[in-house]
K.L.:
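First the structure, which I've put down as structure tokens, then a few questions once you've had a look.
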Amino acid sequence: MLPIDTKKIEKHWLDYWEKERIYAFDKNSKPVFSIDTPPPTVSGEMHIGHAYSYSQQDFIARYKRMQGFSVFYPFGTDDNGLPTEKLIQKIKNVKSKDFSRQEFIELCLKTLKEITPAFIQDWKNIGVSCDYNLYYSTINDNSRKMSQKMFLELYKQGLVYKTDFPTIWDTEFQTPVAQAELEDREKESLFTTIKFHVQEKILPIATTRPELLGACLAIFVNPEDKRYKHFIGKKATVPIFNNLVPILADAHAEMEKGTGALMICSYGDKQDVEAVKKHKLTPRVIITKEGKINAHPYEGLYIKEARAKILEDLQNQNLIIKQEKIKHVTNVYEKSGREIEFLPTEQWFIKILDKKSVLLKQGKKINWYPKHMQKRYENWIHGLEWDWSISRERHFGIPIPVWHCRSCNHIILAKESELPIDPVQKEKICDKCKMKAEPETKVLDTWATSSLTPQIASSLVNNKIKLPYSLRPQAHDIIRTWAFYTIVRSLYHEKKIPWKDTIISGFVTLEGQKMSKSKGNGIKPQTIMEEFSADALRYAAASSKLGEDSDYQEKDIITGKKFVTKILNATNFVFMNLKYQKQAKLHETDRLLLQQLNQIIDSATESFNSYNYSKAKLDTESFFWKTFADNYLEIVKNRVYNGTKEEKESAFYTLYQSLLAITKMMAPITPFIAEEIYQQHFKKHEKAKSIHLSKWPDEFKIKKTKEDGKVWNRMIELISSVRQAKSEAQKSMKAEIILTLPKSDHKLLVKLINDIKAVTGAKTIEEGEFKIEFT
RNA sequence: GGCCCAUUAGUCUAGUGGCAAAACGGCUCGUUUACACCGAGCAGUCCGCAGUUCGAUUCUGCGAUGGGCCACCA
């Protein structure tokens, strides 16, 4: 057997699939299975995590197609965010700020046109069966238009508002960010206990942020705190700044934490924001958008510099009681890694806080696979503290299509016919006071657009695909963003859930560690495909369960490659001697084999229906390897070579049908080799022009008795015993024996006796106590 | 601090209220009418404690360890 040229096979069928448009969505045929495909961020190349998760969704797409659905499986790329901006700047060696927004978007579109085909090729190469003619980019004209249009819709419904409430701010990128974009990071910092004077007495306050002293507005002590009770209602002198602030009773000050007294600053954290609101304090913001202090005598210093300087000053004035190094966890913006601030700037929000209960209800209407992923969605909603911040002070992105008239404080909306539009490029006169209105310069957060993928994808087919889609596949790290926001938008725009089902995939890890470029442990799917074939990679992806992280192990890929070789070899054997039989009078062994196969068809179908592709693969593969190849082929060999006409015909029929069923059941997992086998051997007798358009196997309608399983198992057990005996006696598997079977076996296996004789190499089978003798 | 998930052979994973399974690795062999990218066989395991049960690896509770999400972060 020559080594199999999988590359050649894969290339051949990729071309065929594309040329014959095997995966084209036919909007006129029914029923439709619609998939809200995740659009990957254009960033160079497909990585191993993509390879696994997109393979996993593809198993489902291919299965559904074989089940007779017209599968709506579009492909999109997400390219309106920071990663794209950075990518384009790098490729073109430019700075986005040197362009007008419109010009930069044009440059992006142009550049994307150049680089996207190569990017998408990886998805094609791994056999993802999207209809690539149904393609969208989240920055193209249509997406911008839809995103802006739907923003305006929300505005008209009163679900979007603009406010200058303190919002989560990143000082590096100088933009507001959403709660969902935060992550925890452990940092080391100095925990300093500072003397506040209350007349002649001292009130100690511990803080990690002394630079905010200039923004101190009040001090909280717990009303139950005996140490400080007598301070309540008095005023404390802020060190360095020497202004007086009130000491207030608030249960929010926990007695065990720090010194038990807490300073409220505008704004150190989220609690400060709430405290200011609750006690109607007048904020004094001393941090700028760039992360500098603007309060005398520290103006112009960056936060960290100011912190060092103020600690020095406190020390010199003997105002420090105690200082210790602590590790504490702080909120940082996931993209910059920098600690976030809370700054009052004018920003846009989508209301979500007052919709928690209905959003929870929507979540319950969706089937989550695995089930417990729904909990993550619910936990996220329970923990929400901010409305959805959607404006970003970035240059690149989809512009917010409004103008603000400052003289009469009126918001002017773009007309639908103007979309997509960049308000900066168009002057508007206020329709109320006739003054010139100020264009909104901010852009929408990328999630504000990618939360509309169902609508954007549907617009590619004249909005034929209605909500809810059949399926949303995605990874678990973006439940709080992509899944959540999509559910929000579908509710607001269409009062519907976006999809009936969602399947949540896990990560690919390497030795238990999450893969990342920085750790240098990236394994490239392109290399794996080159070395082992796309089918082998997909096979490995099918071994990991939905929702579970799976550790990348090369041996799984090797197992996949072996499977490909094995099924090709088995196919070669089957067709080496086979004459096509449309039907046949079934020999008992063959009938039993088909009964065994029926069980696998049944269970694989059920598994796929509940998105359990890994079980379907495991069952099918084990049937193929153990039952079909190791046993049935060995049993039937003799009849194929030496049988009577009837015996041969039955064997041919059974071999053909069972191999076809196995190949079909593996087709969603290993589509290339399945197609190869189908085209080489089956197509001339079957109708479909591709195995991927062929019908998923039905159970064979053949005679069935209660004893079938028992008889089959007994025969396999016998064969096994004989093999074991030969192994132990160090004999060849072909060694001739005399087999003695008890009467009960003779009765049970009466119709199989000749096949058993052949497969065990028994010269004769006698009756008596079970015994294997070598001749 | 709250919630979720996991814990099964040397490794990585299936699975089940009634003899615990595959792959890889190890060991012992075999192999010329599909396959040495093969075949046969062997060895080896349910995190701990309590409970429910005739029976628990499986269900329940508690705990341990690992992972994740969230909150807190003066």
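Computed over heavy atoms, backbone and side chain alike; hydrogens, waters and symmetry mates excluded. Naming: A, B, ... by sequence-line order, numbering from 1 per chain.
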K.L.:
Look through every strand shown and name the nucleotide pairing with B/rG17 as Watson-Crick or G-U wobble, where both distances are under 3.5 Å.
P.N.:
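The base-pairing partner of B/rG17, which may sit in any strand shown, does not exist here.
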K.L.:
Answer yes or no for A/K731 and A/F774: cation-pi contact, defined as NZ/CZ to six-membered ring centre under 6.0 Å and angle to ring axis within 45°.
P.N.:
yes
K.L.:
Hey, is the side chain of A/K566 pairing donor to acceptor with the base of B/rC35 inside 3.5 Å?
P.N.:
yes
K.L.:
If you measure from the P atom in B/rG41 to the same atom in B/rC24, how many Å do you get, rounded?
P.N.:
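Going atom to atom, P in each nucleotide, I get 14 Å.
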K.L.:
Is the distance between the ring centroids of A/F608 and A/F59 under 6.0 Å?
P.N.:
no
K.L.:
Just how far, in rounded Å, is P of B/rG68 from CG of A/D551?
P.N.:
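In whole Å, B/rG68 P and A/D551 CG are 14 Å from each other.
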K.L.:
Considering only atom C1', compute the distance from B/rA21 to B/rU58 and round it to an integer number of Å.
P.N.:
15 Å
K.L.:
Quick one: label A/M733 by what it contacts on the DNA or RNA (base, sugar-phosphate, nothing), any heavy atom closer than 4.0 Å.
P.N.:
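Here A/M733 touches the backbone only, sparing every base.
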K.L.:
Under the criterion side-chain hydrogen bond (donor to acceptor under 3.5 Å, both in side chains), I'd like the reasoning laid out for A/D590 against A/Y632: C-alpha separation, chi angles, the key distance, then a yes or no.
P.N.:
CA-CA 9 Å; A/D590 300 338; A/Y632 181 70; 2.6 Å; yes
K.L.:
Quick check with a 6.0 Å cut-off and a 45 degree axis cone: is A/K617 positioned over the face of A/Y539's six-membered ring?
P.N.:
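Pair A/K617/A/Y539 counts as cation-pi.
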K.L.:
Could you give the distance separating B/rU57 and B/rU45 at their P atoms, to the nearest angstrom?
P.N.:
14 Å
K.L.:
Is the shortest side-chain N/O distance from A/S720 to OP1 or OP2 of B/rG41 below 4.0 Å?
P.N.:
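Looking at the OP1 and OP2 atoms of B/rG41, one of them is under 4.0 Å from a side-chain N or O of A/S720.
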K.L.:
Partner of B/rU28 by Watson-Crick or G-U wobble geometry, both contacts under 3.5 Å, or none?
P.N.:
B/rA40
K.L.:
So, is A/K562 near the phosphate of B/rC24, with a side-chain N or O under 4.0 Å from OP1 or OP2?
P.N.:
yes
K.L.:
May I ask you to verify if any side-chain N or O of A/Q179 is less than 4.0 angstrom from the OP1 or OP2 atom of B/rA71?
P.N.:
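Answer is yes, contact under 4.0 Å.
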K.L.:
Going by number, which of residues 608-629 of chain A have a non-hydrogen atom under 4.0 Å from RNA chain B?
P.N.:
A/L618, A/W625, A/K626, A/A629
K.L.:
Strictly by Watson-Crick or wobble contacts shorter than 3.5 Å, is anything paired with B/rG1, and which nucleotide is it?
P.N.:
B/rC70
K.L.:
Can you find a side chain N or O atom of A/Q553 that sits less than 4.0 Å from OP1 or OP2 on B/rU11?
P.N.:
no
K.L.:
Output yes when at least one side-chain N/O atom of A/K734 is less than 4.0 Å from OP1 or OP2 of B/rU33, else no.
P.N.:
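Answer is yes, contact under 4.0 Å.
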K.L.:
Using the P atom in both, what is the distance from B/rC3 to B/rC38, to the nearest Å?
P.N.:
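To the nearest whole Å, 50 Å.
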K.L.:
Side chain of A/R723 only, heavy atoms from C-beta on: which candidate in B/rA71, B/rA40, B/rC5 is closest?
P.N.:
B/rA40
K.L.:
Who is the Watson-Crick or G-U wobble partner of B/rU52, with both distances under 3.5 Å?
P.N.:
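WC or wobble partner does not exist here.
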K.L.:
Who pairs with A/E385 by salt bridge (charged side-chain N to carboxylate O under 4.0 Å, His left out), at least two apart in sequence or on another chain?
P.N.:
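Partners of A/E385 under the salt bridge (charged side-chain N to carboxylate O under 4.0 Å, His left out) test: A/K270.
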K.L.:
When you measure from the side-chain N and O atoms of A/Q724 to the phosphate of B/rC42, is any distance below 4.0 Å, counting only OP1 and OP2?
P.N.:
yes
K.L.:
Given side-chain hydrogen bond (donor to acceptor under 3.5 Å, both in side chains), test A/S336 with A/D170 step by step and report yes or no.
P.N.:
CA-CA 8 Å; A/S336 70; A/D170 175 57; 2.7 Å; yes
